[in-house]
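Chain letters run A, B, ... following the sequence lines, proteins first, then strands; residues in each count from 1. These figures come from a predicted structure and were not determined experimentally.
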Number of protein chains: 2
Amino acid sequence: MQYSAAEENYIKAIYRLQDHAAMVTTNALADALQTKPPSVTDMLKKLKAKKLLNYEPYKGVKLSAEGKKVALAVVRKHRLWESFLVSKLQFGWDEVHEVAEELEHITSKKLIDKLDAFLGFPRFDPHGDPIPDSQGRITIQPQVRLTELPLHQSAEISAVGSQSPALLELLKAKGLQLGTRLDVRKIFSFDRSLDIRIKQQASVNISFELASVLFVKTC
Amino acid sequence: MQYSAAEENYIKAIYRLQDHAAMVTTNALADALQTKPPSVTDMLKKLKAKKLLNYEPYKGVKLSAEGKKVALAVVRKHRLWESFLVSKLQFGWDEVHEVAEELEHITSKKLIDKLDAFLGFPRFDPHGDPIPDSQGRITIQPQVRLTELPLHQSAEISAVGSQSPALLELLKAKGLQLGTRLDVRKIFSFDRSLDIRIKQQASVNISFELASVLFVKTC
DNA sequence: ATTAATTTTTAGATTCGCCTAAATTTAAAT
DNA sequence: ATTTAAATTTAGGCGAATCTAAAAATTAAT
Ligand SMILES: [Mn+2]
Ligand SMILES: [Mn+2]
Ligand SMILES: [Mn+2]
Ligand SMILES: [Mn+2]
């Protein structure tokens, strides 16, 4: 079965939202997709007819098994294209989302699998998010927010919770990026800012706002 | 200005057709685009309103200067993606057209210019067709059909006039590909078949049908 | 010069994805 | 338990891109 760009966008949005809420609501979807609630209702009816999701009026929506498969395929395409743009075309990771949002709808499985091979089967995209494999299997790496990391526990930055140029600018200024080894030296109670030590270097102070969009895995 | 995939497909088709006929007709377009004449008329009105072409009912259509610019941009995208698919993802040149037909509508000039650089600014696509540069300039190489090449004139295969797997299969079997050096040893009047000599090797016989879809440039 | 055939356009509908405004249902507040 | 507010759906409509059937214009043939 083949789906339109609009359908794929809805499926992907539902997939993302249903991790943070048992039922995905019409308004949440309208918000995520920058559209209006009546448009969402229309599409939900259509996707229900195609058995991609379970939808009961007024109750909310959840993806079916088939729906999840479709979602993972779209996520795979999105993240592989993002990886391509960053690792081969020298885009910054703050510039790739919009373009990948279009590229993810190209309908050739062969293309995606060959792209995957060309990139060396990357397991994570430029934002640290896992890339589903050809069969839709996803590796979830255990990670916590940097704000939750115990003092003196060695860890490395594994994902970013925002893709804004502003975050990238700040990370560069602080000498941080995906994969950076660090540990937390001190937390100041006044503003909840953190002193962190990068590798073997001198310590750097970062705000609570910054720390809370950084995810780390212990090592 | 930004154009829909449908609009870009029409513009590109008109661009291709207007080389072989002073006026592009409604039926020719319907044929090329696998659609029906009334759909073409509708679109022509729309594109005329956008000043991309000159269209007078019943008379036919020609691209405006602006229309040509758009056409060249789409052709550039198409051929760069084809080059990418063949040179980086190991597609055969008989497999890339359909996918490129989709990829050419991704709307990021930055993406295309970076792709161009990544590929090393190729001047010709996998079928030997010239790739317009970032400003829409195109290099036309003087070439003739192999059927027109004088006897014993040294030349190399510069383009193919078909993208079918059947042609690729035959070329492989005859040991021919883009860039192959050859000259014509003899033309048999009975079936117009040609004996050609590849580089310094033994001669090979190819049919008139094959020779007429091969373009060569003398060297 | 008529007539016939072909090409092209117009008329009217359809599907998709979206919208606004109004009605309905559900949840919250008094 | 009512009333009020919020969320959601229904009703009706619109633009893009397509279609079929019918009308009109052009071209070719007698
Ligand atoms: Mn998208
Ligand atoms: Mn990402
Ligand atoms: Mn196309
Ligand atoms: Mn080509």
Trainee: Would you say A:S39's side chain and A:T35's backbone share a donor-acceptor pair under 3.5 angstrom?
Mentor: no

Trainee: Above 12 or not: heavy atoms from other molecules or residues under 6.0 Å from NZ of B:K69?
Mentor: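 Atom NZ in B:K69 is not packed in, count stays at 12 or less.
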
Trainee: Tell me which residues in residues 6-26 of chain A put a heavy atom below 4.0 Å from DNA chain C, sorted by number, or none.
Mentor: A:A6, A:Y10

Trainee: Parallel, tilted or perpendicular, judged at 30° and 60°: which one describes the rings of B:F84 and A:W81?
Mentor: tilted

Trainee: Within the structure shown, what part of the strands sits under 4.0 Å from B:K45 by heavy-atom distance: base, sugar-phosphate, or nothing?
Mentor: sugar-phosphate

Trainee: Test side-chain contact (heavy atoms from CB on, under 4.5 Å) on A:K217 and A:E156; report intermediate values, then the result.
Mentor: CA-CA 6 Å; A:K217 65 166 200 255; A:E156 83 174 48; 3.8 Å; yes

Trainee: Is the backbone of A:F215 close enough, under 3.5 Å, to the side chain of A:S158 for a donor and an acceptor to pair up by distance?
Mentor: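 Pair found, side chain donor or acceptor close to backbone of A:F215.
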
Trainee: Can a side chain N or O of A:N27 be found less than 4.0 Å away from OP1 or OP2 on D:dA6?
Mentor: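 No, outside the criterion.
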
Trainee: Indicate for each nucleotide in nucleotides 19-27 of chain C, in 5' to 3' sequence, whether protein heavy atoms under 4.0 Å reach the base (B), only the sugar-phosphate (S), or nothing (-).
Mentor: BBB--BSS-

Trainee: Does C:dT8 have OP1 or OP2 sitting under 4.0 Å from an N or O in the side chain of B:Y55?
Mentor: no

Trainee: Ring centres of A:H97 and A:H127 under 6.0 Å apart?
Mentor: no

Trainee: Centroid-to-centroid, A:Y3 to A:Y10, below 6.0 Å?
Mentor: no

